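Before any comments, here is the structure.
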Amino acid sequence: MSSVLNQRPSPTHPPQARSAPPPRRTRLFALPEARWAAAALALFLLALPLYLQGAPAWLWGTLFAAAYLAGGWEPGWEGLKALGDRTLDVDLLMVVAALGAAAIGQVLDGALLIVIFAASGALEAIATARTADSVRGLLDLAPATATRILPDGTAESVDAGRLDVGDLVLVRPGERVGADGLVVDGAGEVDQATITGEPLPVVKQVGDEVFAGTVNGTGALHVRVGRNPSDSVVARIVRMVEEASRTKAPTQLFVEKIEQRYSVGMVLATLAVFGVPLMCGSALEPALLRAMTFMIVASPCAVVLSTMPPLLSALANAGRHGVLAKSAVVMERLGRIDAVALDKTGTLTEGSPHVTDIRPVPGSGTDEETLLRLAAAAEHRSEHPLGRAVVAAARARGLDLVGAADFSSVPGQGVTAAVGDRTVRVGSPARLLPGGDGAGTEGIVRELEDAGRTAVVVVVDGTSAGVLGVTDRLRPDAAATVAALTGLTGTPPALLTGDNAPAAARLAAEVGVTDVRAGLLPEEKVAAVREWEEQGRAVLVVGDGVNDAPALAAAHTGVAMGRAGSDLALETADAIVVRDELGTVPAVVRLSRAARRLVLQNLCIAGVCIAGLVVWDLAGTLPLPLGVAGHEGSTVLVGLNGLRLLTDGAWHRARTGPAA
């Protein structure tokens, strides 16, 4: 979204110094889970060629044992702790199955299982750490220091965290507001996109509320602190993101829903297969061999691979086409959504203003080209987003801009400059037409504003020459995306925005959205999401700004627009649209649903194979090599079936297919 955060501050007032640099992102190998997983993988890769080439068993055996230890001790320990709480989880079962495989000579299979589980745990730890980094970094939005005005009129620089309610704070041009409060003197244009998502700076005058962390673009403001810094909107956003991350129930993959029963059943069955023949007089070795064969053929390797390859294939295919889902769990969740909430600025729109209308006043003697050239020449030195939009429109038409002199800018009113021998003023209708200027200009202004445009009046030598219409441009694929999401969920998406109601309603009408909620603060977006989820809806939220982050965290699934998305939104979201192609959102939902269908197919295949091998082992004598071959064969089969979603054809069907 458009922002003035990167503009140069006023040269007479340097930006406020920070007490400390922004927090660094957690490094990959700072996490013990990542180090152990990397060690297990390295040891496995060292042992594998030695094993395949027939090297001495002590050599590859030592390396495989080290891989078992590096990758298996942590899930094994966690599994034992869970066992102490009378819970048997699949992590412990996988470690036992790996050790069982090694006990009967299938060392390679067991080591591979250990490496897969260690890598999965490391990825989860990395995602958690990166989200925590981003939440801490959000606090950097609020300035470290603020200029407090003392009762005697002198100014002092203080730690922004030490401001008290009632303190008077000076906010210079280019500085960030130090605390939530009310303007008591001065006027300025404040970029508050980080809080409300509004694409254009908002004029702030006496009596208006300002938020900590927003940027004052022009004009000095005197702000009376209205909230303690610990209760500012920015601080509340941090708390909401942290709370949503903690309270959001952990999502389980489909196969994990049967984990506990399967684990207990398999352990009891293995003990029975071993113990019953012994009690009936069987020798120890045949009973142990039968039990270990049973453990191998009944182990959930094929079941686990039934789930992961389709989801990972869908994840990789989506990533190749510009949508990064952060885990297989996210990919599974995307297919379950049945309600969608969309942000406006930077999501349905491109997030930056563009000139859409050039309307000369009839009888003014000015044509479109002249009107735009004069306005752009006057705005050429302006740092205001509207001014930059006017200049960009002139350059897009190839107009030569005449140098302007005597440039001046008044916050909330506009700019004045001498362009050649003409005096040109460009600004808001309320300031440039205070007493009316004829039906022509006012009629154009009303027409543009009724259409949801921001009207910019151009006055030449004291006479209205024309009006420019400026708006945030709708994404080309916005309407098609809304229609596709409506087909997928059965109901049109809702629009949640901090922008004003007329602009939101106008855009919603263009794209086919009927549920419009405008003027929302971040906590109000969260409340809307929770209201739907209390009704049993699985809500997908699509946004891009800091103000969207709490809703992204609270939703069933959050998707961030990547190109203009804030760091917090990108880290909080479950998936990121890297190329800013809104149309990929319904495509990735369809791809997720295709992956879920393949998961069910694979579970059926794995279940039939496991059941057949188990019955053979119990009712007859299943040779161990044949049991291993059958087990591995079913594993390979479901793995290959899941890889079908890697093809470009799968993405094409998801992008153009029906709302399945």
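Quick caveat: nothing in here was measured; it's all calculated off a predicted structure.
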message = Can you list everything that forms a side chain to side chain contact (heavy atoms under 4.5 Å, CB included) with V206? Sequence neighbours excluded, please.
response = none
note = Sorted by chain and number, sequence neighbours left out, ring pair (Phe, Tyr, Trp, His ring centres under 6.0 Å) with W36 holds for W73
ask   = For D515 and T491, what are the C-alpha separation, side-chain angles and deciding distance, and is it a side-chain contact (heavy atoms from CB on, under 4.5 Å)?
value = CA-CA 10 Å; D515 185 357; T491 56; over 6 Å; no
message = Is there a side-chain contact between N602 and P310 in this structure, where contact means two heavy atoms from C-beta onward sitting under 4.5 Å apart?
response = yes
task = Evaluate the side-chain proximity of F211 to V177: yes if any heavy-atom separation is below 4.5 Å, no if none is.
result = no
query = Is there a donor-acceptor pair closer than 3.5 Å between any side-chain N or O of T347 and the backbone N or O of K344?
reply = no
Distance-minimising heavy-atom pair for W651 and A318 = CZ3-CA, 3.9 Å
task = Keeping the roles fixed (side chain from R336, backbone from H556), state whether a donor-acceptor pair exists under 3.5 Å.
result = no
note = Taken in chain and number order and not counting sequence neighbours, the residues that satisfy side chain to side chain contact (heavy atoms under 4.5 Å, CB included) with A478 are L348, L474, R475, V511, L582
ask   = T584: what forms a side chain to side chain donor-acceptor pair (under 3.5 Å) with it, not counting sequence neighbours?
value = none
request  = Decide side-chain contact (heavy atoms from CB on, under 4.5 Å) for L334 and V559; before the verdict, give the C-alpha distance in whole Å, the side-chain angles of both, and the deciding distance to 0.1 Å.
outcome  = CA-CA 10 Å; L334 280 165; V559 175; 4.3 Å; yes
query = Do L600 and R597 have side-chain heavy atoms sitting under 4.5 Å apart?
reply = no
query = Once you round to the nearest 0.5 Å, how far does CZ of R148 lie from CZ of R162?
reply = 6.5 Å
task = Output all residues satisfying side chain to side chain donor-acceptor pair (under 3.5 Å) with N228, sequence neighbours left out; order by chain, then residue number.
result = S230
query = For the side-chain contact (heavy atoms from CB on, under 4.5 Å) test, which of V340, I337, V329, V539 pairs with T557?
reply = I337
request  = Heavy atoms only: give me the nearest V585-V542 pair and the separation to one decimal.
outcome  = CG1-CG2, 4.2 Å
request  = Heavy atoms only: give me the nearest P522-P550 pair and the separation to one decimal.
outcome  = CB-CG, 4.2 Å
request  = State, to 0.1 Å, how close A654 and A587 come at their nearest heavy-atom pair, and which atoms those are.
outcome  = CB-O, 3.4 Å
query = Heavy-atom distance under 4.5 Å between the side chains of P492 and T486, does that happen here?
reply = yes
message = Given 3.5 Å as the limit, does a donor-acceptor pair link the side chain of K525 with the main chain of T497, or not?
response = no
inquiry  = Could you go through V171 and V190, starting from their C-alpha distance and side-chain angles, then the distance that decides it, and tell me whether this counts as side-chain contact (heavy atoms from CB on, under 4.5 Å)?
reply    = CA-CA 11 Å; V171 185; V190 177; over 6 Å; no
Sequence neighbours excluded, every pair satisfying salt bridge (charged side-chain N to carboxylate O under 4.0 Å, His left out) that has a member inside residues 500-509 = R506-E510
query = By side chain to side chain donor-acceptor pair (under 3.5 Å), which residues pair with H321, not counting sequence neighbours?
reply = N317
key: Short side-chain to backbone donor-acceptor contact, R176 and T214, under 3.5 Å   = no
key: Value rounded to 0.5 Å, distance of CG in L485 from CG in L342   = 6.5 Å
ask   = Taking atom CG of D472 and atom CG of L507, what is their separation to the nearest 0.5 Å?
value = 8.0 Å
ask   = Roughly how far, to the nearest 0.5 Å, is CG of D343 from CG of D548?
value = 4.0 Å
ask   = What distance do R453 atom CZ and T471 atom OG1 have between them, rounded to the nearest 0.5 Å?
value = 5.5 Å
ask   = Which atoms form the tightest heavy-atom contact between D208 and Q205, and what is the distance?
value = OD2-N, 2.8 Å
key: Donor-acceptor contact present, side-chain S592 to main-chain M331, <3.5 Å   = yes
query = Does anything in residues 496-531 pair up under ring pair (Phe, Tyr, Trp, His ring centres under 6.0 Å), and if so which pairs, sequence neighbours excluded?
reply = none
request  = Not counting sequence neighbours, which residues clear side chain to side chain contact (heavy atoms under 4.5 Å, CB included) with A455? List them please.
outcome  = P429, V445, E449, V467
query = Ignoring hydrogens and geometry, is there a side-chain-to-backbone donor-acceptor pair from D180 to R227 under 3.5 Å?
reply = no
query = Which residues pass the side chain to side chain donor-acceptor pair (under 3.5 Å) test with H354, sequence neighbours left out?
reply = E350, S352, R473
key: Close side-chain approach of D167 to V158, heavy-atom, < 4.5 Å   = no
message = For a 4.5 angstrom cut-off between non-hydrogen side-chain atoms, does T481 reach P586?
response = yes
request  = Output all residues satisfying salt bridge (Lys or Arg N to Asp or Glu O under 4.0 Å) with D477, sequence neighbours left out; order by chain, then residue number.
outcome  = none
key: Pairing residues for Q535 by the side chain to side chain contact (heavy atoms under 4.5 Å, CB included) criterion, not counting sequence neighbours   = E531, W532, R537
request  = Give the minimum heavy-atom separation between A314 and L591, together with the two atoms involved.
outcome  = O-CD2, 3.3 Å
Rounded distance [0.5 Å steps], CZ in R593 versus CD in E332 = 12.0 Å
